[in-house]
Amino acid sequence: MDSDFDIKTRVTTLDEINTTRKGDDCLVIIYAPTPGNLGKRFLLDNESITIGRDRENDIVLESDSVSRHHCRIEHRNDRVYAVDLDSTNGTFINDDIEPITDVQLKRGDQIKIGDTIFKYLRGSDVESQYHETIYNLTITDGLTDVHTKRYLMDILEREVPRAQRHKRSLSMLMIDIDHFKQVNDTYGHLAGDLVLKDLATIIRDRLRPDDTISRYGGEEFVAVLPETSLAGAVLTAEHLRQLVQLHPFTFEGEKITVTISIGVAELQENWTTEQLFKASDEMMYQAKRDGRNCVRPKTDLNVAKNPSA
């Protein structure tokens, strides 16, 4: 499996490897602007590993949000530390809002460098951790910590037939951030990442335990609400819209105005999953046409039987 994920592997001599550790610690990419980089593993098989945009680094991140020499991972007395190298945008650990200068890493820590997030795995049981991390990548979005589109589709494969079989309500919210490109262009992609992460938290905290929230695209989220009628889903959507409008999104001391448009649809008899998506997506675009920052429910049920029509 290593050959599928390791890129630009740095060759080291046997003398460079500290053989007293039980297996080499590693970093795994769990979020990246290029999906093909997800899951790539970098062994921390030397006493010091540098990360940055410059080609001389051990791990090269080709992004303008990454400094030429951004961060160093180093071993000290059988412990591992992350050291920021006076980078422009800083190095962040987990959900801390303050950049680090020099911090000891713990198993499972997430290290954010520019627009890439690494997960630190300890060498003691690195294989089991790695496979668990790769599995979680398929069902959890590394940036926002909500479910992925793949997980969403798996849920709907169960929930849609169940709702129809037992004649129970099932509703969907299609949520899109208004003018998100403008946020990235004005404040930068790191600010855009913060908005996505904060928005996901707002939605997740508002929904019930049995509801499902997934990141569907770049700035789109989908919420699936079992046992919820159209009227109930509209109330939930409107509350979410208000929470987002009132939330103080801030980046480096600057307030960012964020609003969302939401399309709402309730599953109808004999609808497919694709038709439910089509209905909620159609209403999300209607909300955009109506001026954004609003909720639009699907009340006209003349949805095409062929969703590609």
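Atoms considered below: every heavy atom in the structure, side chains included; atoms not considered: hydrogens, waters and symmetry mates. None of the values given here were measured: they were computed from a predicted structure.
Remark: Arg292 CZ is packed, more than 12 non-hydrogen atoms of other residues, nucleotides or ligands lying under 6.0 Å away. Taking a 6.0 Å sphere around CD1 of Ile97, one finds it holds 12 or fewer heavy atoms contributed by other residues, nucleotides or ligands.
The distance from atom CG of Asp193 to atom CZ of Phe251, rounded to the nearest 0.5 Å, is 9.0 Å. Arg206 CZ to Ile213 CD1: the interatomic distance, rounded to the nearest 0.5 Å, is 12.5 Å. In this structure, CD1 in Ile203 is found 9.0 Å from OG1 in Thr144, a value given to the nearest 0.5 Å. Between atom CD1 of residue Ile59 and atom CD1 of residue Ile29 there is a gap of 7.5 Å, rounded to the nearest 0.5 Å. Atom CE in Met283 sits 12.5 Å away from atom CE in Met174 (nearest 0.5 Å). Note that the CD1 atom of Ile256 and the NE2 atom of His247 stand 10.0 Å from one another [nearest 0.5 Å].
Side-chain atoms of Asp25 come within 3.5 Å of backbone atoms of Gly123 as a donor-acceptor pair (strictly under, hydrogens ignored). Looking at Asn57, its side chain never comes within 3.5 Å of a backbone N or O of His69 through a donor-acceptor pair. For the pair Asp102 (side chain) and Val83 (backbone), a donor-acceptor distance under 3.5 Å is absent. Proximity of a side-chain donor or acceptor of Thr250 to a complementary backbone N or O of Gly253 within less than 3.5 Å is not detected.
Two residues are said to be in side-chain contact when any heavy atoms from C-beta on lie closer than 4.5 Å; Glu219 and Asp176 meet this criterion. With contacts defined as side-chain heavy-atom distances shorter than 4.5 Å, the pair Leu43/Cys26 qualifies. Looking only at side-chain heavy atoms (C-beta outward), Leu44 and His75 come within less than 4.5 Å of each other. Residues Asp198 and Val258 fail the side-chain proximity criterion, which asks for heavy atoms closer than 4.5 Å.
Among residues at least two apart or in separate chains, salt bridge (Lys or Arg N to Asp or Glu O under 4.0 Å) pairs with a member in residues 79-100 are Asp95-Lys197.
By the 30° and 60° cut-offs, the orientation of the rings of Phe277 relative to Tyr216 is parallel.
Of the charged side-chain nitrogens involved, at least one lies within less than 4.0 Å of a carboxylate oxygen, so that Lys288 and Asp178 count as a salt-bridged pair. Here Glu47 does not pair with Arg72 in a salt bridge; the nearest charged N to carboxylate O distance is not below 4.0 Å.
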Open item on the list: Set out, in order, the CA-CA distance, both residues' side-chain angles and the distance that settles ring pair (Phe, Tyr, Trp, His ring centres under 6.0 Å) for Tyr187 and Phe249, then state yes or no.
Closed with: CA-CA 12 Å; Tyr187 302 99; Phe249 294 89; over 10 Å; no
Query - Test log, rule side chain to side chain contact (heavy atoms under 4.5 Å, CB included), inputs Ile262 and Val234 - result: CA-CA 9 Å; Ile262 307 178; Val234 169; over 6 Å; no
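Here the closest heavy-atom approach between residue Arg289 and residue Glu282 is recorded as NH2-O, 4.2 Å.
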